[in-house]
Every structure is written in C-alpha cells, then in structure tokens.
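Take a look at the structure set out below.
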Amino acid sequence: MVISSTNSHKEMAVRRRIASIFNKREEDFPSLKEYNDYLEEVEDMIFDLVAGVDVPAIEEKIAKYQKENAEQIMINQARKAEELAAALAASKGQPAQADTDASFQGGFSVEPGQYAPSVPGGQPRPTGLAPQPVPLGGPDMQGYPMDDEEMMRLRIERGSRAGGWSIELSKKRALEEAFASIWI
C-alpha cells in the first residue's frame, strides 16, 4: 500500500494539533487502564480526522474539551516547555542552577526575568533535571569507539530476536509460501 505524501503531511499536522490539546500524561490518571482508554480515544479522533469521518462532530468535541480543560492544557504545555528547556540545557552541558543562585517564587526556582508558571493548589513541582536517555547514534556523534564486526553481528542477531524473528520462522514461512503457490 502506497501512502501519498500529502496524506502523511495531513496526518502529521493533525497529530501535532491534537497532541497540543490532548496532552495529558499517565500520571494525570488514577489508573493505567483509564490512561490507555484516553490514548485510544485520541487515536480514534486522529484517525477519523485524517480519514474525513464525521469531522464536524469531532471538531465540536475538540472545542468542548479545549474549553473545559484550558487551564490543564496550558499547565501541561508549560511543563513540556520546561522539560525541553532542561533537556536543551543538559545537552549543552550546563549544570542545574541551585536555589541560592536564583530567586525562589511560589515553589519554583526562577531566574530574574524568567517565566514562572502557576500551579493550581499552590503545589510546587520539582524543577530538577531528570536523567536523560542516551541518544542512539554513530561513534562520531557520541564519541564511543566503533564496534567490531562480531559486535555488530551480535547486535543485529539480538535485535531481530527481540523483534520476534527467528530463522525457523523464516524457513516455515518460505515453505508455506512455496506450497501455497502450487496449483493442483
């Protein structure tokens, strides 16, 4: 099946728009099931918008959700912006600022002249940097030594096994396809 680039661009635009509105996280829900139901509902809306199924009803639902949850949406957007800023600072090698270096306002460590988001209920959020995952990349990107051929072969073999592939599965499929193509 060939997907046209205009459809993929449309889907990406719809996903970006919906993700900026429906931006709750797992910790915003009392159970994992409720969070998964929320994610499923969001994916269904994205699919229907991209496919053009009942668009006016979905747009109405989005507008209603946006109006009812405007404050939570802005808080989550601010949280994401803080995390991105922290990740950018960490990637540039800048250490986290101590509270003694910055003014302390409303439970947040804030540099003078910087934005300090408000949190409902006056509960401060932790502002420390979370450990960042190591990005995948080549040796020149991260300074790690090049893997030798044996290590590369092991990685490929382990990766394919982790994905559920095995040589027996490949042989079985080849035999099934061969016998399925025989006409009697």
**Asked** Does any non-hydrogen side-chain atom of E71 lie less than 4.5 Å from one of I75?
**Response**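 Contact flag for I75/E71 side chains = yes.
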
**Request:** Evaluate the side-chain proximity of L39 to V42: yes if any heavy-atom separation is below 4.5 Å, no if none is.
**Result:**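 No, too far: nothing below the 4.5 Å cut-off.
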
Listed by chain and number, what are the side chain to side chain donor-acceptor pair (under 3.5 Å) partners of [X], not counting sequence neighbours?
{"X": "K24", "answer": "none"}
{"X": "R153", "answer": "E150, E157"}
{"X": "R17", "answer": "E59"}
{"X": "K33", "answer": "D37"}

[atom2] on [Y] to [atom1] on [X], rounded to 0.5 Å:
{"X": "Y65", "Y": "I18", "atom1": "OH", "atom2": "CD1", "result": "10.5 Å"}
{"X": "F22", "Y": "M45", "atom1": "CZ", "atom2": "CE", "result": "3.5 Å"}
{"X": "Q66", "Y": "S20", "atom1": "CD", "atom2": "OG", "result": "7.5 Å"}

**Request:** Give the cluster check for M12 versus I62: same hydrophobic cluster or not, with ILVMFWY residues linked at side-chain heavy-atom distances below 4.5 Å.
**Result:**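 No, M12 and I62 fall in different hydrophobic clusters.
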
**I21 reachable from M74 in the ILVMFWY side-chain graph, under 4.5 Å edges** =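 No; I21 is not reachable from M74 via cluster members.
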
**Item:** Derivation of the side-chain contact (heavy atoms from CB on, under 4.5 Å) call for K10 and L49
**Value:** CA-CA 9 Å; K10 179 181 177 182; L49 284 172; over 6 Å; no

**Prompt:** Taking 4.0 angstrom as the limit, do E149 and R155 come out as a salt bridge?
**Reply:**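 A salt bridge is absent here (no side-chain N lies under 4.0 Å from a carboxylate O).
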
**Request:** Would you list the pairs meeting ring pair (Phe, Tyr, Trp, His ring centres under 6.0 Å) in which at least one residue belongs to residues 43-63, sequence neighbours left out?
**Result:**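 Passing the test, one end in residues 43-63: no pairs.
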
Going by side chain to side chain contact (heavy atoms under 4.5 Å, CB included), name the residues that satisfy it together with [X], two or more places apart in sequence or in a different chain.
{"X": "R173", "value": "E177"}
{"X": "E26", "value": "L32, Y35"}
{"X": "K172", "value": "E176"}
{"X": "N23", "value": "I73, N76, Q77"}

**Message:** Side-chain heavy atoms under 4.5 Å apart, restricted to Ile/Leu/Val/Met/Phe/Trp/Tyr: what other residues fall into the cluster of V53, or is it alone?
**Reply:**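 Hydrophobic cluster check, V53: no partners found.
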
**Request:** Go through the structure and list residues passing salt bridge (Lys or Arg N to Asp or Glu O under 4.0 Å) with E43, not counting sequence neighbours.
**Result:**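 Checked E43 against salt bridge (Lys or Arg N to Asp or Glu O under 4.0 Å); matches are R15.
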
**Item:** Sequence neighbours excluded - side chain to side chain donor-acceptor pair (under 3.5 Å) pairs with any residue from residues 44-55
**Value:**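 Pairs touching residues 44-55 that pass the test: none.
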
**Asked** What's the verdict on side-chain contact (heavy atoms from CB on, under 4.5 Å) for E60 and K64, showing C-alpha distance, side-chain angles and the deciding distance?
**Response** CA-CA 6 Å; E60 183 179 322; K64 180 182 176 189; 5.7 Å; no

